[in-house]
Every structure is written in C-alpha cells, then in structure tokens.
Number of protein chains: 2
Amino acid sequence: MTATSPQPPTKAQLLELVAALGTAQWQDFAAAAARQGLTSVQAKLLAQLKGPVPMRGLATLLVCDASNVTGIVDRLEARGLVRREPDPADRRVKNVVATDEGHETIRRVRAEMQATHTALDALDEEERTTLYGLLERLRPGMERRG
Amino acid sequence: MTATSPQPPTKAQLLELVAALGTAQWQDFAAAAARQGLTSVQAKLLAQLKGPVPMRGLATLLVCDASNVTGIVDRLEARGLVRREPDPADRRVKNVVATDEGHETIRRVRAEMQATHTALDALDEEERTTLYGLLERLRPGMERRG
DNA sequence: CGTTGATGCTTGAGATCGTCAAGCAACTGG
DNA sequence: CCAGTTGCTTGACGATCTCAAGCATCAACG
C-alpha cells in the first residue's frame, strides 16, 4: 500500500491527527504536572514565567479573564512557587515572578513528559528539521485568531 | 539565515513549538465550540460519538473519572444533543448516542475552526503528505502512556 | 440456586477553573 | 483638577474534576 509516494491525506485526516497528538501531549503534560502536585493550568502559568510578568499579561497569554489569574497565582503563591512584586513604573501593576523552587518545579515537569520525549526520540535529525520547518509554516495561521 | 539545510532544532525547541501549536489548536476548537453554545469538554465528548459509546468508554476516551462523564452527558442530554440508551446485552450499561442535532452541532464546530483550516491551507499537497507521515511516526510514542 | 466479587453508573462533598459584574487604586489626557 | 481608562481583586455562579459511597447488575463458583 505504501510506495515512495503515498496518497495525500485529506485535510480532515490531517486535522484529526493533529488534534489527537495535541490532546496526547496535553495529557502527558497534565500527568507530569500532577506528579509535581500541580494542576495543568498552574503548570502552564508557571511555564510562562521566564521573567516578571504582570497579571494582565498572564491573562492574555493564557487567554482567560484577569480575575481567573488572581486565583491561580494565589494558590501558586501559597505554595511558594511564585511571588507578586510591585512594578516600579506603575503602582497598579503586580509582576509575577517564579521563585527558585518554582523554576525547579516546572523544569521537572518538562523533564518528566516521557510520552512526548519518547515520541520525539523516534525521529532522526533530518526528520526533526523537516517537522520543525513544517510546523513553523503552520504557526502563522494559528497564532492570533483565524 | 535560512539556507537549503538549516541547523537542526534542539529537542526543546521542537517540544515548545509542538506545545504552542497544540495550545493554539485547542483554543481554536474551544472558540468554535463556544459559538455553538458548548464548552470545550462537551464538544470533545460529542466528537467521540460516531456510534453508541457506553459511559465507561467515554471516561476512558476522555481520560477522566466516570462520575465526571455523568455530569457532562447530563448537560448535553438536557439540550437534546445526546441520548442515553439501554444496552441490550448488559442492563448496567448505558450507551450514549448523538442525536441528529448533536451530529449537526459537532459538524459545525469542526467546520468553524478557522485558524486551523487556514493554517493547513498554507501547505501544499506534498507538504501535507510529509507532515502526515511524520506525525504518524510520533503517534506510537504518544498514545497510551510514555 | 445462592453467595461472593467485580463492574457500570450515579450521587454528594469539596477543590479548581472559568466568566461576569462591581469595586477600588492608580494612570492618562485634557 | 476631572473624566475616562486601565490593573487588580472580590463575590456570585456554573462547569469541570476527583474521591468515596451506594445501588444494580453481571460473572463465577460451589
């Protein structure tokens, strides 16, 4: 059935496959987060904190209401994984920063996404380069509405 | 910057890109579902119903507790999008079936995932074939734990 | 047949997630 | 100084999710 040039997949098939892998990866992430005692959303927020980010910025990144971020940060802060710092330029703003323990925790989550790591290990360097290129081509259409 | 053979991406870069696209696609799906008055989870459940599926099977497909499925199906049933039918072979089992309106609703959700459709339209047939092949190579590592 | 154990589903309690409306503090532009 | 905007929090409420408990049914065994 498979020669050097198989039948091109329909858009529906491709869409289904992309959805399936997206779901699988998300659940891998959620499971890894749970092992660190975090919900998926908490881990996702923590993953954004390479530097200080204002509450409003987090709401934008997570595509949710700002009032929702308040609660998530509350719980992370209660566990010592993030800190709220005043913004020197605007006293309304609170910048969220990951603590050392926060950074270490999200590093562990990423390291423990076994299913994803295993899957990526199945590709050689050339295939990864090709895949990366194709996915980058998809990105422009995906980010910021459709 | 880009020659015919760019530097191979690190696994971390590839992982980040996969995660970003997975997130974008999920939010595209959630937005399309919301336009039909559904939450993402309700739409996701509805998307599984090509035929009758027992409650327990849905819990397995959605990777969640069976008691959770009860509530989601309750709400879908109250809106006439699914039905619970007795299983002729096992009176404990209730099979969930999408109604005509349920099928039509999930069809509309899929059709309205504009960002995803637009993104896929950016690829030509050969690229889609290549991408499909690579994603299929990833699947074995992703499904069923890692 | 009857008992024992496993399985399918629901219920209730409790936590998190998510939105909206309202409120206060602080910035911005006249 | 004043009006409008913006950033964050609070409270109310619904949806999602897990766990423990309960009921009905099935399967297996004596």
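Values below: all heavy atoms of this structure, side chains included; hydrogens, waters and symmetry mates excluded. Proteins get letters first, then strands, A, B, ... in listed order; numbering begins at 1 in each.
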Practice item. Would you mind classifying the nucleic acid contact of Asp90(B) as base, sugar-phosphate or nothing, using non-hydrogen atoms under 4.0 angstrom? Key: sugar-phosphate

Check your understanding: Between atom CG in Asp65(B) and atom P in dA13(C), what is the gap in whole Å?
Key -> 17 Å

Point to revise | Test: Glu77(A) and Arg83(A) ion pair at under 4.0 Å | key: no

**Study point:** Residue closer to the 5' end of DNA chain C, Ala89(A) versus Ile72(A) (nearest nucleotide)
**Key:** Ile72(A)

Check your understanding: Is any side-chain N or O of Ser67(A) under 3.5 Å from a base N or O of dC20(C), one able to act as donor and the other as acceptor?
Key -> yes

Review point. How long is the line joining CG of Leu62(A) and C1' of dT19(C), in whole Å?
Key: 15 Å

Point to revise | Nearest-0.5 Å distance that lies between atom NE2 in His103(A) and atom CG in Leu49(A) | key: 7.0 Å

Point to revise | Crowding at CG, Asp100(B) (>12 non-hydrogen neighbours, <6.0 Å) | key: no

**Study point:** Validation row: Leu58(B), Gln48(B) side chains within 4.5 angstrom (heavy atoms)
**Key:** yes

Review point. For the pair made of CG in Asn95(A) and P in dC8(D), what is the distance, rounded to whole Å?
Key: 8 Å

**Study point:** Gln27(B) CD to dT19(C) P, straight-line distance once rounded to whole Å
**Key:** 10 Å

Review point. Counting any heavy atom closer than 4.0 Å, what does Thr39(A) reach on the DNA or RNA strands: base, sugar-phosphate only, or nothing?
Key: sugar-phosphate

Exercise for review: Would you indicate whether Glu136(A), at its atom CD, is surrounded by more than 12 heavy atoms from other residues, nucleotides or ligands within a distance under 6.0 Å?
Suggested key: yes

Point to revise | Polar pair under 3.5 Å, donor/acceptor by atom type, side chain Arg92(B), base dT7(C) | key: yes

Practice item. Identify which nucleotide among dC8(D), dT10(C), dT18(D) has an atom closest to any side-chain atom of Met55(A), counting heavy atoms from C-beta outward. Key: dC8(D)

Check your understanding: Is Arg56(B) near enough to dC26(D) that one of its side-chain N or O atoms lies under 4.0 angstrom from OP1 or OP2?
Key -> no

Exercise for review: Find the distance Asp74(A):CG to dG18(C):P and express it as a whole number of Å.
Suggested key: 15 Å

Study note, to complete from the structure: Atom CG of Leu45(B) and atom C1' of dT16(D) are separated, to the nearest Å, by 13 Å

Practice item. May I have the distance from Arg84(B) (atom CZ) to dG8(C) (atom P), rounded to whole angstrom? Key: 16 Å

Review point. How close or far is atom C1' of dG11(D) from atom CG of Asn68(A), stated in whole angstroms?
Key: 14 Å

Point to revise | 5′-ward residue of the pair Ala66(A)/Arg91(A) relative to DNA chain C | key: Ala66(A)

